[in-house]
Amino acid sequence: SSGKGLTMMRKRAEGLSKLTWAECLENKNQYTKRIEEALRDLIQQKSWTSPRSDHGFKNYNGIAYSVELTSSLYAHTIAQTLYLMGVKIPADLRKLALDALYIRIFNPVLEKFKSNNTESEKGFLTDMNNWNHVCLAGLVGAALTTIQSKEERAKFIAIGEYYSRNGFQGFGDDGYCGEGVVYFSYGFGHYILLRECIWQATGGKVDLFKDQKVQKIASYPANIEVINGVCPAISDCKEGAKPDANVMAYLNKSFGLGLAKYST
């Protein structure tokens with residue numbers, strides 16, 4: 001089924017990430033060969049796109065590539081590995097990885113601005129749900145990590161800054177998220193990643209937290225909590241669902257929300 005296929009694909013990206021962190025923590029070259037093998041494997045994988053999103057099997061057959069939830073995850077994971085491993089990754093493999101990022105992720109997005117596409121044809125860029133923030137975080141995060149050209153990196157920062165406003169349309173004017181605290185953590189958690197990447201890259205000159213609606217959204221989990229950490233099990237949330245603690249700690253510190261249990 002597409003669900004099992006999607007889980008398998010995401011586990012492959014997770015495996016590369018864990019191997020990379022393990023090597024960085026120990027720095028004994030114990031995992032380097034396996035990381036190289038995993039990188040080559042992902043680069044050669046026919047599709048980085050979820051089966052349920054690959055309409056007409058265009059990604060799988062190499063006809064056209066699209067940025068969506070899974071392919072953006074692959075891009076960010078591969079970029080993170082290249083950055084963290086540095087010279088431990090051979091030059092030929094690094095080039096293969098960068099070429100793959102351009103072919104499957106960067107170029108398909110840049111092409112959207114070269115043609116006469118209307119805004120409605122720009123896919124995730126104009127989505128008004130968590131796809132917008134999740135895909136932008138992976139796209140911009142990968143671009144800022146791997147692209148050498150300063151001008152090209154600036155293009156992706158501009159794309160992230162401008163188009164991330166669309167994802168806010170999925171929230172109420174009061175910051176309410178109809179998808180519940182789990183999808184809030186997923187979608188808005190990626191907006192945090194996008195904000196941090198751009199903030200770091202621009203030395204704080206471009207700050208996505210300056211949007212007036214962001215603080216209201218940041219207060220959503222605390223506002224929807226019933227009592228003693230209990231949140232309503234709405235939408236896809238199961239009973240006992242809680243907002244991600246790392247997301248909450250970041251928001252608490254950034255906005256001074258005064259939430260004692262998330263103070264670091």
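The figures that follow rest on heavy atoms only: side chains count, while hydrogens, waters and symmetry mates do not.
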Using only atom types and a distance under 3.5 Å, with no angle test, would you say the side chain of [X] pairs donor to acceptor with the backbone of [Y]?
X      : Y      : result
Tyr65  : Ser71  : no
Asn61  : Phe57  : yes
Asn223 : Ser219 : yes
Asn132 : Leu125 : yes

Handout entry: Crowding at CZ, Phe171 (>12 non-hydrogen neighbours, <6.0 Å)
Key = yes
Using a strict 4.0 Å threshold on nitrogen-to-oxygen distance, state whether [X] and [Y] make a salt bridge.
X      : Y      : answer
Lys95  : Asp99  : yes
Glu151 : Lys155 : no
Glu14  : Lys18  : yes
Glu225 : Lys261 : yes

Problem - Polar side chain donor-acceptor pair, Ser47 to Asn59, under 3.5 angstrom - result: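 There is no such pair between these side chains.
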Exercise for the section: Indicate whether the side chain of Tyr74 and that of Arg10 have a donor and an acceptor atom separated by less than 3.5 Å. Expected result: no
Practice task
Starting from the C-alpha separation in whole Å, work towards a yes-or-no answer on side-chain hydrogen bond (donor to acceptor under 3.5 Å, both in side chains) for Thr70 and Thr49.
Solution key: CA-CA 6 Å; Thr70 306; Thr49 302; over 6 Å; no
Problem - Tyr176-Tyr220 aromatic ring centre distance below 6.0 Å - result: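 Close enough - the centres of the two rings lie under 6.0 Å apart.
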